[in-house]
Amino acid sequence: MPFPDLTPETAPPASRRAMEAVTERLGYRPTAIARLAASPHTLDGFLKISAIFEACTLDPLSREVLIMTMATRNDCHLCVAMHTAKLTALDADPALISALRDRDRTGAPLPDERLEAVRRFTLEVLASAGAVDDAVLRDFLAYGYTEQNALEVVLGIGAYTLSTLANRLTGAPVDAPLAAFA
């Protein structure tokens, strides 16, 4: 594997502070972070963009639906496990979690219409490279979302394109604390 699991001692100096902060916040050093640390700019960029996405006006479940949509679309087993854990911590309906994890196999809509609107809109933004039809945007807005939320979907797509592709490129495995959610 060309991407070793770096430590604060072996990582480029510009990655060390971020690695230590993530380790302190989570209580362990995720392998994905240990491998992403090979590029201080990529590590810093991911941590910043994901924090900005977490602070946006989309509600937590809507953000997680977007993330799981990206994770399953891009086949990132690590993101699926991590965000299954997050959805579980948010007390999300187990049927929602199952539908998000199995969406590619079943093709069934999510059990919550509003959250299904986020999933559909995310996929439409990806399929059209952002040039969604007015009807698609109106449908998204009809579920109580705003134009600001529509742009935040683009933000989330950017954050989790970076995450899912980097995790796949580096071969980041599911860490032991997330194994139950894999």
Residue pairs, two or more places apart or on separate chains, that pass side-chain hydrogen bond (donor to acceptor under 3.5 Å, both in side chains) and touch residues 149-158: T57-N149, T57-E152, T146-N149, Q148-E152, N149-E152
Pairs meeting criterion ring-ring contact (aromatic ring centres under 6.0 Å, His included) with involvement of residues 133-167, two or more places apart: H83-Y160, F121-F140, F140-Y145
Set of side chain to side chain contact (heavy atoms under 4.5 Å, CB included) partners for I52, sequence neighbours left out: L155
Spacing of I97 atom CD1 and L110 atom CG [to the nearest 0.5 Å]: 11.5 Å
Residue list, side chain to side chain contact (heavy atoms under 4.5 Å, CB included) with E124, at least two apart or on another chain: V132, V136
Pairs flagged by salt bridge (Lys or Arg N to Asp or Glu O under 4.0 Å) wherever residues 127-139 is involved - sequence neighbours left out: R120-D139
Step-by-step side-chain hydrogen bond (donor to acceptor under 3.5 Å, both in side chains) determination, T84 to R101: CA-CA 8 Å; T84 296; R101 290 175 59 93; 2.9 Å; yes
Gap separating the CG atom of L58 from the CD atom of E64, nearest 0.5 angstrom: 11.0 Å
Note, T7 side chain near T10 side chain (heavy atom, < 4.5 Å): yes
Only distances under 3.5 Å count here; give the side-chain donor-acceptor pairs of residues 36-43 to other protein atoms, sequence neighbours excluded, each with its distance to 0.1 Å.
residue, atom, partner, partner atom, Å
S39, OG, T42, N, 3.2
S39, OG, T42, OG1, 2.8

Side chain to side chain donor-acceptor pair (under 3.5 Å) partners for D93, two or more places apart: none
Worked check of side chain to side chain contact (heavy atoms under 4.5 Å, CB included) between H77 and V80: CA-CA 5 Å; H77 64 286; V80 170; 5.6 Å; no
Partner residues of R168 under the salt bridge (Lys or Arg N to Asp or Glu O under 4.0 Å) criterion, sequence neighbours left out: D75
Pairwise salt bridge (Lys or Arg N to Asp or Glu O under 4.0 Å) hits with a residue in residues 46-61, at least two apart: D44-K48, E54-R63, E54-K86, D59-R114
N/O donor to acceptor pairs below 3.5 angstrom from side-chain atoms of residues 175-182, sequence neighbours left out:
residue, atom, partner, partner atom, Å
D175, OD1, T31, N, 3.2
D175, OD1, T31, OG1, 2.6
D175, OD2, T31, N, 3.1

Note, R29 side chain near V22 side chain (heavy atom, < 4.5 Å): no
Pair listing, salt bridge (Lys or Arg N to Asp or Glu O under 4.0 Å) test, anchored in residues 141-151, at least two apart: none
Close side-chain approach of M19 and P30, heavy atoms under 4.5 Å: no
Side chain to side chain contact (heavy atoms under 4.5 Å, CB included) involving A32 - partner list, sequence neighbours excluded: L78, N167, A172
